[in-house]
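All remarks here apply to the structure that follows.
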2 protein chains.
Amino acid sequence: METTIELLKEHALKVTPQRLKIIAMLNEYGHLSIEDLYRLMLKEFPNVSLATIYKNINQMAQTRLIQEVKIPDSKSVYEIVKEPHLHMVCDRCHKVEDIIIGTDKIIKEAEAVSGYRIEESFITLRGICPACQADS
Amino acid sequence: METTIELLKEHALKVTPQRLKIIAMLNEYGHLSIEDLYRLMLKEFPNVSLATIYKNINQMAQTRLIQEVKIPDSKSVYEIVKEPHLHMVCDRCHKVEDIIIGTDKIIKEAEAVSGYRIEESFITLRGICPACQADS
DNA sequence: GCCTTTAAGGAAAAAATTTATCTTTTAGCG
DNA sequence: CGCTAAAAGATAAATTTTTTCCTTAAAGGC
């Protein structure tokens with residue numbers, strides 16, 4: 001199991017308390033928006049700058065330590081780069097979850113139909129999560 | 001075949017030259033960003049306001065005449081709402097294309113794995129288009 | 001462990017994007 | 001036509017993101 005410090009070093013980023021915190025928050029919550037990150041960060045670093053969040057998010061995204069997930073009709077969230085997966089967004093409680101499903105078939109089909117050589121897929125599904133289904 | 005005027009009326013939007021032009025541009029080009037729409041619009045309506053673009057795009061999106069397509073690492077584009085489809089983005093020439101492929105299988109699988117009731121899917125695939133493959 | 005180099009953080013300003021406000025113009029309809 | 005409601009245009013305001021500048025701190029060599 002890789003430490004957060006190693007993770008930063010592998011991506012040629014200096015190990016700072018703010019960066020450790022950003023990664024810790026993403027590990028804990030899975031998906032967070034810029035605003036989420038800023039608000040949570042303020043609890044531990046009361047005079048962190050919003051620019052620090054932006055600069056770090058942009059750098060970590062460039063080195064592919066994290067990635068942006070664009071959500072339909074909502075703000076982007078960020079997540080640690082792991083194995084490829086799909087995103088589920090609940091219309092009711094707005095949570096974002098990962099699910100791991102093979103995408104080979106749809107990619108193969110898309111390549112056949114379009115002639116593209118596909119490098120990466122971005123799949124987000126919108127609906128009602130099990131918990132919110134139970135509530136209705 | 002439905003006229004653009006009918007399309008606007010069905011969505012309870014007044015038929016204005018600017019709206020007709022927006023729809024005509026989207027029909028011609030398929031996918032356009034706010035900036036694209038504004039720059040093209042200026043050729044025919046030299047004193048159109050950027051606010052007009054935003055207001056119309058927002059209204060047309062609310063009535064589901066058009067929809068936003070969020071593109072990884074790029075700006076959103078807008079398209080006329082047609083049947084469900086996937087988006088292909090070329091890494092080289094940055095064009096966005098629709099392709100029509102059944103998504104039933106992946107949605108069924110995602111529902112089974114996650115327990116979500118899925119309402120809509122957003123699938124974007126990134127790669128190299130046939131033309132750009134030929135160029136390399 | 002200190003010193004130097006280089007990058008990061010914080011504060012603020014600037015830039016870019018989006019929305020709101022106000023007035024004038026125009027579409028829709030009798 | 002003439003009336004009414006909505007849309008357009010101009011502008012300001014609000015929001016979001018990036019940049020700049022200065023201070024602080026991390027990394028690596030000694």
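- Rounded to whole Å, the distance from CG on A/Leu13 to P on C/dG9 is 10 Å.
- Between the C1' atom of C/dA11 and the CG atom of A/Leu42 lies a distance of 14 Å, rounded to the nearest Å.
- Using a 4.5 Å cut-off on side-chain heavy atoms (C-beta onward), B/Gln18 and B/Met41 make contact.
- Residue B/Tyr38 contributes atom OH, which lies 10 Å from atom C1' of D/dG9 at whole-angstrom precision.
- Taking for each of B/Ala12 and A/Thr16 the nucleotide of DNA chain D with the nearest heavy atom, the 5'-most of the two is the partner of B/Ala12.
- For B/Lys21 and C/dT26, the NZ to P distance is 19 Å, given to the nearest whole Å.
- In terms of heavy-atom proximity, B/Glu79 sits nearest to B/Gly30 at CB-O, 3.5 Å.
- When all heavy atoms of A/Gln133 and A/Ile128 are compared, the closest pair comes out as NE2-O, 2.8 Å.
- Nearer to the 5' terminus of DNA chain C, by closest-nucleotide assignment, is the contact made by A/Arg19 (compared with the other of A/Arg19 and B/Lys9).
- Here the C1' atom of nucleotide D/dT18 and the NZ atom of B/Lys75 are 13 Å apart, to the nearest Å.
- The shortest side-chain heavy-atom distance between B/Leu20 and B/Ile5 falls under the 4.5 Å cut-off.
- Residue order along DNA chain C, read from the 5' end via each residue's closest nucleotide, puts A/Phe45 first among A/Phe45 and B/Ile34.
- Taking atom CG of A/Asp36 as the reference point, atom C1' of D/dT16 lies 15 Å away to the nearest angstrom.
- A salt bridge between A/Arg126 and B/Glu120 is present, with a side-chain N of the basic residue lying under 4.0 Å from a carboxylate O of the acidic one.
- What separates CG of A/Leu20 from P of C/dG9 is a distance of 10 Å, to the nearest Å.
- In this structure, of D/dA8, C/dG9, C/dT17, it is D/dA8 that holds the atom nearest to the side chain of B/Gln18.
- Near DNA chain C, meaning a heavy atom under 4.0 Å from it, residues 46-66 of chain A has A/Asn47, A/Val48, A/Ser49, A/Ala51, A/Thr52, A/Lys55, A/Asn56, A/Gln59 in order of number.
- Below the 3.5 angstrom threshold, one finds a donor paired with an acceptor across the side chain of A/Lys14 and the base of C/dT6.
- Among all heavy-atom pairs drawn from B/Ser74 and A/Lys70, the shortest one is O-NZ, 2.6 Å.
- The nearest pair of heavy atoms linking A/Gly102 to B/Ile106 is O-CD1, 4.4 Å.
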